[in-house]
Protein chains: 2
Amino acid sequence: MDAIQRSNVFSLQAFRSACSECTVRELCLPVGLKSTEIKELDRLIDTRHPISKGTTLYRSGDRFRALYAVRTGFFKTCLLHEDGREQVTGFQMMGELLGMDAISTDSHACDAVALEDSEVCEIPFEALEQVSSKIPTLQHHFHRMLSREIVRDQSLLMLLGSMRAEERLAAFLLNLSKRFVERGFAKDEFILRMTREDIGSYLGMKLETVSRTFSRFNAEGIISVHGKAIHIQQPDALNDLTSRHS
Amino acid sequence: MDAIQRSNVFSLQAFRSACSECTVRELCLPVGLKSTEIKELDRLIDTRHPISKGTTLYRSGDRFRALYAVRTGFFKTCLLHEDGREQVTGFQMMGELLGMDAISTDSHACDAVALEDSEVCEIPFEALEQVSSKIPTLQHHFHRMLSREIVRDQSLLMLLGSMRAEERLAAFLLNLSKRFVERGFAKDEFILRMTREDIGSYLGMKLETVSRTFSRFNAEGIISVHGKAIHIQQPDALNDLTSRHS
DNA sequence: CGGGGACTTGATACTGTTCAATTTCCGTGG
DNA sequence: CCACGGAAATTGAACAGTATCAAGTCCCCG
């Protein structure tokens with residue numbers, strides 16, 4: 001387990017996006033900005049905030065002031081239904097943005113909980129709007145970030161609406177794998193930061209079903225599971241599951 | 001049925017948002033704009049486009065050029081999985097915006113299909129970004145629109161992830177009712193523009209289950225159903241369904 | 001008026017849930 | 001460092017909710 005964690009070596013890209021300025025600069029990745037513009041951006045970032053495991057970054061109903069870029073660590077966002085049911089709406093890792101749902105009502109629509117000790121950069125939203133209206137490429141990229149969140153949610157809708165338990169879990173693992181790779185970690189070995197219950201809530205199934213499905217994949221040699229440590233043995237098999245007929 | 005349709009009388013508000021300029025002005029609803037700014041906005045709107053029933057406004061993969069505001073009519077958006085499965089991701093009616101998911105990749109991520117003869121206003125996106133960077137209140141409101149779409153998708157996630165068939169359909173009917181009211185139509189009588197299959201896809205269930213659940217609600221006197229004509233008899237009963245324990 | 005898609009309804013099969021009993025893991029304090 | 005205790009995970013068996021398959025009806029459009 002410790003061995004697996006060590007195998008998640010940083011790549012240069014991952015290292016870059018881990019430094020404070022660059023987490024925000026991720027907002028303007030697709031284009032080269034002038035150095036004066038970059039300075040303006042960096043001025044916008046508040047100090048880094050440590051968030052320890054299990055604590056919330058914000059809660060549903062909190063007044064919206066800033067977006068947060070995950071610098072290190074791992075978060076989940078979840079809605080709380082009045083009758084107590086919880087729905088996990090997403091998991092956020094290094095370089096991803098939190099809080100975009102709050103813009104619409106000026107108050108947060110969900111809770112954001114750190115699943116391990118983490119650090120975030122605070123991006124005061126008013127300032128971001130001001131700066132971005134002066135830098136068209138930044139504005140455009142920010143719109144892309146918002147839009148990407150919409151697309152992400154919609155592919156999750158597809159998953160919840162038309163896939164079976166096996167397919168959902170396969171898609172989930174492949175998605176995690178892809179995101180780890182983008183950050184320079186190993187594509188086939190990682191540690192889950194969330195519980196089976198979190199996964200189940202996210203994927204619309206019960207924790208027992210998650211556990212059973214993991215066990216089945218394990219028995220079939222598609223992955224090996226040891227608690228939260230996952231090793232993907234046959235990525236193609238997972239791929240087949242997500243796109244197989246009926 | 002014709003009678004029900006007639007009972008959906010326009011209110012002043014609905015009438016306003018149906019006129020071309022105002023559909024776009026909906027973008028800047030929360031604040032008063034100067035008349036010069038309103039002129040600038042109105043110049044931005046392309047001509048209105050009629051979209052006849054069954055045709056697509058855009059398809060997945062189409063190059064992204066503009067957002068569309070629904071002026072009259074009714075649309076669905078749907079993702080197509082490679083194996084043929086279709087997932088309806090939303091239904092859009094008068095005054096709602098289409099195409100926000102396309103910003104992220106510059107190409108549309110889903111199909112938009114007119115469910116009845118409709119009209120849309122085209123809002124060229126580049127122009128919108130330019131204008132909105134000059135008018136802070138417009139920029140902010142546009143961000144709210146994007147964010148609202150995220151929130152909308154996330155409450156649908158909750159629905160798909162943690163509700164049973166009955167609860168889903170109840171939530172769906174209440175949501176439609178709410179949106180009709182906002183547009184000045186009757187809150188308890190309306191015509192569904194989509195098929196049972198569309199509803200099922202949207203709510204993550206099979207068309208037979210949709211039909212059966214409608215029949216059960218009908219038998220219990222909660223609603224009356226005649227094909228696509230719905231009359232909500234006991235809104236409270238629907239409310240109880242959506243928020244009842246386990 | 002005819003044809004075909006949309007809808008309803010029934011019988012059956014199956015996936016995933018629920019309830020319950022263990023086992024494993026991991027943080028905590030002795 | 002080890003032992004303890006509680007949370008997390010695994011596994012089984014019975015059950016519930018939906019899906020599937022199939023037959024028949026309705027209704028809308030041409």
Side-chain angles (χ1 to χ4, degrees), chain A residues 1-2 4-5 52-54 76 85-86 88 113 115-117 159-170 172 191-219 223-230 241 244-246, chain B residues 1-2 4-5 52-55 76 85-88 113 115-117 159-170 191-220 223-230 241 244-246:
Chain A
M1 192 168 56
D2 214 324
I4 289 177
Q5 208 153 14
S52 57
K53 180 173 175 175
K76 71 171 176 183
R85 278 179 288 190
E86 174 184 287
V88 173
V113 181
L115 296 178
E116 59 180 338
D117 291 345
L159 186 145
L160 289 174
S162 66
M163 289 184 168
R164 298 195 338 230
E166 271 191 348
E167 308 175 279
R168 294 180 195 191
L169 203 59
F172 173 70
I191 307 287
L192 299 173
R193 301 303 174 177
M194 69 295 282
T195 66
R196 302 288 191 261
E197 188 166 13
D198 288 333
I199 298 173
S201 171
Y202 182 63
L203 299 178
M205 51 210 245
K206 294 287 140 176
L207 69 93
E208 293 94 330
T209 308
V210 174
S211 181
R212 273 184 244 278
T213 310
F214 270 141
S215 298
R216 187 148 13 101
F217 285 173
N218 188 63
I223 63 176
S224 65
V225 191
H226 296 99
K228 306 211 172 193
I230 302 288
L241 274 174
R244 90 137 191 286
H245 269 279
S246 173
Chain B
M1 193 169 53
D2 214 324
I4 289 176
Q5 208 151 14
S52 56
K53 180 173 176 173
T55 61
K76 71 171 175 183
R85 276 179 288 190
E86 174 185 285
Q87 174 70 35
V88 174
V113 182
L115 295 178
E116 59 180 338
D117 292 344
L159 185 146
L160 289 174
S162 67
M163 291 186 167
R164 298 189 341 219
E166 269 191 348
E167 306 175 279
R168 295 180 195 191
L169 202 59
I191 307 287
L192 299 173
R193 301 301 175 180
M194 69 294 280
T195 66
R196 300 288 191 261
E197 188 167 13
D198 287 334
I199 298 172
S201 171
Y202 182 63
L203 299 178
M205 51 211 247
K206 294 288 140 172
L207 69 94
E208 294 94 329
T209 307
V210 175
S211 181
R212 272 185 244 278
T213 309
F214 270 141
S215 297
R216 185 150 12 102
F217 285 173
N218 188 64
E220 289 166 357
I223 63 175
S224 64
V225 191
H226 296 99
K228 306 211 170 191
I230 302 287
L241 275 174
R244 90 135 190 287
H245 269 277
S246 182

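We name chains A, B, ... by the order of the sequence lines, and we start the count at 1 in each one. Keep in mind that this is a model prediction, so the values were computed, not measured.
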Side-chain N or O of A:Arg212 closer than 4.0 Å to phosphate OP1/OP2 of C:dG16: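 The answer is no; no side-chain N or O of A:Arg212 sits under 4.0 Å from OP1 or OP2.
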Which nucleotide sits closest to the side chain of [X]: [options]?
X: A:Ser215; options: D:dT11, D:dG17, C:dC7; answer: D:dT11
X: B:Met205; options: C:dC7, D:dA19, D:dC29; answer: D:dA19
X: B:Glu208; options: D:dG17, D:dA9, D:dA22; answer: D:dA22
X: A:Lys206; options: D:dT18, D:dT20, C:dT17; answer: C:dT17

Between [N] ([atom2]) and [X] ([atom1]): distance, integer Å:
X: A:Arg216; N: D:dT10; atom1: CZ; atom2: P; answer: 13 Å
X: B:Leu160; N: D:dT18; atom1: CG; atom2: C1'; answer: 15 Å
X: A:Glu116; N: C:dG27; atom1: CD; atom2: P; answer: 13 Å
X: B:Leu207; N: D:dA22; atom1: CG; atom2: C1'; answer: 13 Å
X: A:Arg196; N: C:dC26; atom1: CZ; atom2: P; answer: 11 Å
X: B:Met163; N: D:dT18; atom1: CE; atom2: P; answer: 13 Å
X: B:Leu169; N: C:dC7; atom1: CG; atom2: P; answer: 13 Å
X: B:Phe214; N: C:dT8; atom1: CZ; atom2: C1'; answer: 13 Å

Say you draw a straight line from [atom1] of [X] to [atom2] of [Y]; how long is it, rounded to the nearest 0.5 Å?
X: A:Glu197; Y: A:Met205; atom1: CD; atom2: CE; value: 13.0 Å
X: A:Ile199; Y: A:Lys228; atom1: CD1; atom2: NZ; value: 8.0 Å
X: B:Glu167; Y: B:Leu203; atom1: CD; atom2: CG; value: 12.0 Å

Residue pair B:Asn218 / B:Val225: nearest heavy atoms and the distance that separates them: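 Smallest interatomic distance, heavy atoms only, reads OD1-N, 3.0 Å.
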A:Thr209 vs A:Gly227, nearer the 5' end of DNA chain C by closest nucleotide: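 Residue closer to the 5' terminus by nearest nucleotide: A:Thr209.
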First encountered from the 5' end of DNA chain C, between A:Lys228 and A:Val210: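 Between the two, 5'-proximity favours A:Val210.
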Positions of residues 197-204 of chain B (non-hydrogen atom under 4.0 Å from DNA chain C), listed by number: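 Close to the strand, none.
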Expected output: side-chain A:Arg193 to main-chain A:Leu115 donor-acceptor under 3.5 Å: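 Not confirmed, A:Arg193 side chain does not pair with A:Leu115 backbone.
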Touch class at under 4.0 angstrom, heavy-atom based, for B:Ser211 against every strand present: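 Contact class for B:Ser211: base.
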B:Glu166 with B:Arg164: basic N within carboxylate O range, under 4.0 Å: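 Here B:Glu166 pairs with B:Arg164 in a salt bridge, since their nearest N and O are under 4.0 Å apart.
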Side-chain touch A:Tyr202/A:Met194, heavy atoms, less than 4.5 angstrom: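 Contact flag for A:Tyr202/A:Met194 side chains = no.
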